[in-house]
A.B. asks: 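This structure is in structure tokens; I'll ask about it shortly.
Hydrogens, waters and symmetry mates are skipped; everything else that's a heavy atom, side chains included, is used. Proteins get letters first, then strands, A, B, ... in listed order; numbering begins at 1 in each.
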2 protein chains.
Amino acid sequence: MKFSRKAEAALRRRGGRMTRARRALLELIEKSPRPLAPRQLHRELRRAGVRVDLVSVYRNVAALLELGLLHRVLGSTAVRPCAEGERPARCHHAVVCTACGSAREFHSLALERALGEVRRATRYRISGHLLELRGLCESCRS
Amino acid sequence: MKFSRKAEAALRRRGGRMTRARRALLELIEKSPRPLAPRQLHRELRRAGVRVDLVSVYRNVAALLELGLLHRVLGSTAVRPCAEGERPARCHHAVVCTACGSAREFHSLALERALGEVRRATRYRISGHLLELRGLCESCRS
DNA sequence: CTCTTGATGCAACTGCGTTGCATTTGCGGC
DNA sequence: GCCGCAAATGCAACGCAGTTGCATCAAGAG
Ligand SMILES: [Mn+2]
Ligand SMILES: [Mn+2]
Ligand SMILES: [Zn+2]
Ligand SMILES: [Zn+2]
């Protein structure tokens, strides 16, 4: 399902409304090939002629993060749409290109199992984790 | 080997010198049961009667991070001493207590293997990763 | 069309971390 | 111990990211 549709539905469910700026933001995030930070999103919107304040971008991004529709790239404020369906699963791991910044979620049963093993081995009561791989995407390798 | 010793050696190797403030900082990091951010380190030092400026703490922390003697907790600026020996290995994974903030590095062969598998499966040329587990430590469970 | 209230714009503000520069101080050499 | 150089520090100014309060605008339900 398209990100903007999913987001609009989720926002309306919350009693939210669709404004010109918000719609443009959702479409920008959807079309962007790589995670963008609020400031970058703002710049792109302005460049496209959308009159919107940076504060609004921050507020919208915060809302989408709360709804689980966006993820933040570790160590930055750039956000990317969650690749999951309606009901996001537990673990959302991503590979991020260190050159162009593009990101893709991935899943690995072996990794899930290994994490389960660690979970049992450590003396902490594990409640979650952060995991992100770094590397070069196909196009950036050439 | 004790963190402060290891750090002093590494700093001297770089042509660095030991000052009162720096020594106090190293010992504070060594003694602290949990990762502290530069501002917290500074506050603790002042509280202990060490006259040092916040800028110096920042600069020292930066140096220690560059030397690989400290790691940052993901999503924060708090730092913790690397648990490795003289030659830090590739992967330094940690579990962080969500209640008290205490952290411990751990190692898992199964995890290394699973990551290797993912590395091969993805179409990116993986160069590294970030991984951190979250949970409750033993004492915070009670 | 009207009304309610969510969304926005604007400006002030906070807090973090950095930078430039003058001053201090560690420490190697004597 | 004294000297001199470079490392380290302190201080103040600065830049930048993100937040907050509040007045205003406008989505969309009735
Ligand atoms: Mn996801
Ligand atoms: Mn380590
Ligand atoms: Zn790339
Ligand atoms: Zn704890």
A.B. asks: Take atom CZ of A/R17 and atom P of D/dA26, then tell me their distance rounded to the nearest Å.
C.D. replies: 13 Å
A.B. asks: Over how many whole Å does the gap from A/R14 atom CZ to C/dA7 atom C1' extend?
C.D. replies: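 Roughly 14 Å, once rounded to whole Å.
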A.B. asks: Return whichever of B/G16 or A/M18 has its heavy-atom-nearest nucleotide of DNA chain C closer to the 5' end.
C.D. replies: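 Its nearest nucleotide being more 5', the pick is A/M18.
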A.B. asks: Could you check how far CG of A/L41 sits from P of D/dG18, rounded to whole Å?
C.D. replies: 11 Å
A.B. asks: Heavy-atom count check: over 12 atoms from other residues, nucleotides or ligands less than 6.0 Å from B/R104 CZ?
C.D. replies: no
A.B. asks: Could you tell me whether B/H129 and B/H93 have their ring centroids closer than 6.0 angstrom?
C.D. replies: yes
A.B. asks: Which part of the nucleic acid, if any, lies within contact of B/R12, taking any heavy atom under 4.0 Å across all strands shown: a base, the sugar-phosphate backbone alone, or nothing?
C.D. replies: sugar-phosphate
A.B. asks: Of A/L54 and B/R46, whose closest DNA chain D nucleotide lies nearer the 5' terminus?
C.D. replies: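 Result: B/R46.
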A.B. asks: So, B/R22 side chain and B/R17 main chain: donor-acceptor pair closer than 3.5 Å or not?
C.D. replies: yes
A.B. asks: What is the distance from CZ of A/R51 to C1' of C/dA7, rounded to the nearest Å?
C.D. replies: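 Those two atoms, CZ and C1', are 15 Å apart.
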A.B. asks: Are a donor atom and an acceptor atom from the side chains of B/Y124 and A/T98 found within less than 3.5 Å of each other?
C.D. replies: no
A.B. asks: Measure from CG on B/D53 to P on C/dG20 and round the result to the nearest Å.
C.D. replies: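 Distance check: B/D53 CG to C/dG20 P gives 17 Å.
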A.B. asks: Taking CZ from A/R39 and C1' from D/dG15, how many angstroms apart are they, rounded to a whole number?
C.D. replies: 11 Å
A.B. asks: Atom CG of A/L25 and atom C1' of C/dA7: how far apart are they, to the nearest Å?
C.D. replies: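 Atom-to-atom, A/L25 to C/dA7, this comes out as 13 Å.
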A.B. asks: Ignoring hydrogens and angles, does a donor from either the side chain of B/R20 or the base of C/dT25 sit under 3.5 Å from an acceptor on the other?
C.D. replies: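 A donor-acceptor contact between them is absent.
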A.B. asks: Under 4.0 angstrom, heavy atoms only, what part of the nucleic acid is B/R23 near: base, sugar-phosphate, or nothing?
C.D. replies: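 If one applies the 4.0 Å heavy-atom cut-off, B/R23 turns out to touch nothing in the nucleic acid.
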A.B. asks: Map B/G15 and A/T19 onto DNA chain D by nearest heavy atom, then report which one ends up closer to the 5' terminus.
C.D. replies: B/G15
A.B. asks: Using only side-chain N and O atoms of A/S56, determine if any of them is under 4.0 Å from OP1 or OP2 of C/dG9.
C.D. replies: yes
A.B. asks: Between A/Y58 (OH) and C/dC10 (P), how many Å, whole number?
C.D. replies: 17 Å
A.B. asks: Under 4.0 angstrom, heavy atoms only, what part of the nucleic acid is A/R59 near: base, sugar-phosphate, or nothing?
C.D. replies: base
A.B. asks: Can any side-chain N or O of B/S32 pair as donor or acceptor with the backbone N or O of B/I29 at less than 3.5 Å?
C.D. replies: no
A.B. asks: Is there a side-chain contact between A/T77 and the phosphate of D/dG18, meaning an N or O under 4.0 Å from OP1 or OP2?
C.D. replies: yes
